[in-house]
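Heavy atoms only: backbone and side chains are in, while hydrogens, waters and symmetry mates are out. This one's a predicted model, so the numbers in the text were calculated from it and none came from an experiment.
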Amino acid sequence: MRLLRALIAAATALAVTAFAAPSFAADDPGPAAYAKALNGKRVMLVPLAMGFDLAQGWAHYLKKEVEAWGGTFETRDPNWVVDAGAQAITDAIASDTRPDVLIIHAPDLNSYSKLMKKAQAAGTYVLLVDNPANFPADAFVGSDWDKLGQLEAEAAIKGCGENSSKKIGLVQGDQANSSSLYQYAGIMKVLEKHPDFQVVAKPDSNWDATTSRNVTTTMLQQHPDICSIIDFWDGDATGASAAIRDAKLDGKVFLVTTGGGEKAADCDKLNDGTYGAVVMTDLARQSGDMNAIIKFLLQSGQPAGTSHTYIYTLEKATTKADLKPDSCWDLKALQAEAAAK
């Protein structure tokens, strides 16, 4: 009994001491290490062009994040000219203010490979966004284009229905860009499982709305009973939609495309029936993924060219019935936000 009383008394004394004496946690080393690794670092985006929604959305979100953690963000605008993009990358590598991270939207599988290797050799991390390339970048952030093509094909088949002509037309981008090549491969994988559906035409648009309109007009003249058309990008699907309208086939041809999820480019056109389905990229999340991998690489201490990470953006085929208030982002709203600062 005496032992028990002694133990109780000791425990009570310890409890009183714990409550009476202040406790001090050791300083969290995280913020200081984070700031040391990131402050003053430079991030540069070289897209295909700055004049379209994806590039402007990426730039908005990245600038906001990078400047918040003490870095510098800048862009270069090749304006769809591959040689201009190559020159921008060359100048960046040679500059006294060489970027610590270079984000590249590759025009095709091979054009910038030597330059990206040179950037890594100089100590710059290279991220590929949206378009894969034949190059082991430190990270790729974007669509699994094969899977995206599969989603488009499934949407087209559903849009056609079992009682349709089961004829599908494709308006491809080109035969060099990875997003076009892999998208086509994904579409064909699905159609192989549905042999009653057939592709009756598959011209290229070269990512141009006027060309898309022209080739779609020809397609509809040759196959007026097409039940669905898959145009490989919303930037030129506006041309395909105009051709459908000109042929007075509104509501009869189910138009499927892919896009960056911008309100005017995608959600508005789903809502008014221009598009039947759009496989949309969650651009804000994709930009967040880029920012996260940038912060990781800058803190990792590993040399450029030694990391090969893939971060694929979650996507789905969205129809008018799926639309919600947050289904799309609004470029005008982002521009107004930036102007207000």
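- Looking only at atom types and distance, the side chain of Thr258 has no donor-acceptor partner in the side chain of Gln183 under 3.5 Å away.
- Panel note: side chain Ser95, backbone Asp91; no donor-acceptor pair is recorded below 3.5 Å.
- The hydrophobic cluster containing Met44 does not contain Ile294, counting ILVMFWY residues as joined when their side-chain heavy atoms lie under 4.5 angstrom apart, directly or transitively.
- Ion pairing between Glu67 and Lys63 holds under the 4.0 Å rule for side-chain N and carboxylate O.
- The ring pair (Phe, Tyr, Trp, His ring centres under 6.0 Å) pairs that include a residue from residues 173-204 number zero, where partners must be two or more places apart or lie in different chains.
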Working for side-chain contact (heavy atoms from CB on, under 4.5 Å), residues Met50 and Thr75: CA-CA 8 Å; Met50 282 303 301; Thr75 63; 4.0 Å; yes
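- Residue pairs that meet the ring pair (Phe, Tyr, Trp, His ring centres under 6.0 Å) test with at least one member in residues 64-90, sequence neighbours left out, are Phe52-Trp80.
- When all heavy atoms of Ala37 and Gln299 are compared, the closest pair comes out as CB-CG, 3.6 Å.
- Closest approach of Leu170 to Pro203, counting heavy atoms only: O-CD, 3.0 Å.
- If you check the side chains of Ser111 and Asp108, you find a donor sitting under 3.5 Å from an acceptor.
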- request: Begin from the C-alpha positions of Asp130 and Leu54 and carry the test side-chain contact (heavy atoms from CB on, under 4.5 Å) through to its verdict.
  value: CA-CA 9 Å; Asp130 196 45; Leu54 269 178; 4.0 Å; yes
query: Passes side-chain contact (heavy atoms from CB on, under 4.5 Å), Thr318 versus Lys316? Steps please.
result: CA-CA 6 Å; Thr318 300; Lys316 69 173 185 175; 3.9 Å; yes
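- Side-chain atoms of Gln286 and Thr313 form a donor-acceptor pair, as typed in the model, at a separation below 3.5 Å.
- Side-chain atoms of Asp146 and Gln150 include a donor-acceptor pair closer than 3.5 Å.
- For the side chain to side chain donor-acceptor pair (under 3.5 Å) condition, the pairs that include at least one residue of residues 320-334, sequence neighbours left out, are Thr319-Asp322.
- Nearest heavy atoms, Leu62 versus Ser287: CD2-O, 4.0 Å.
- For the side-chain contact (heavy atoms from CB on, under 4.5 Å) with Pro99, the qualifying choice from Val101, Leu102, Ile103 is Leu102, the only one to do so.
- Tyr310 and Phe140 have tilted rings, their planes meeting at an angle from 30° to 60° on a 0 to 90° scale.
- Phe254 has its ring centre no less than 6.0 Å from the ring centre of Tyr275.
- A salt bridge links Glu74 with Arg76: at least one charged nitrogen is closer than 4.0 Å to a carboxylate oxygen.
- Side chain to side chain, Asp236 and Thr211 fail the donor-acceptor criterion of an N or O pair below 3.5 Å.
- Closest non-hydrogen pair, Thr309 versus Ile311, comes out as CG2-CG1, 4.0 Å.
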message: Please evaluate residues Lys166 and Asp196 with respect to the criterion salt bridge (charged side-chain N to carboxylate O under 4.0 Å, His left out), reporting the C-alpha separation (whole Å), side-chain torsions for both, the decisive distance (0.1 Å), and the verdict.
response: CA-CA 7 Å; Lys166 299 184 178 178; Asp196 47 338; 2.8 Å; yes
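- In summary, the side chains of Gln175 and Ser180 do not present any donor paired with an acceptor at a separation below 3.5 Å, with no hydrogens or angles considered.
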- request: Decide yes or no on salt bridge (charged side-chain N to carboxylate O under 4.0 Å, His left out) for Asp246 and Arg213, but give the supporting numbers first.
  value: CA-CA 10 Å; Asp246 293 343; Arg213 184 172 188 167; 2.7 Å; yes
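- One side chain, Asn110 or Asn134, offers a donor N or O that lies under 3.5 Å from an acceptor on the other.
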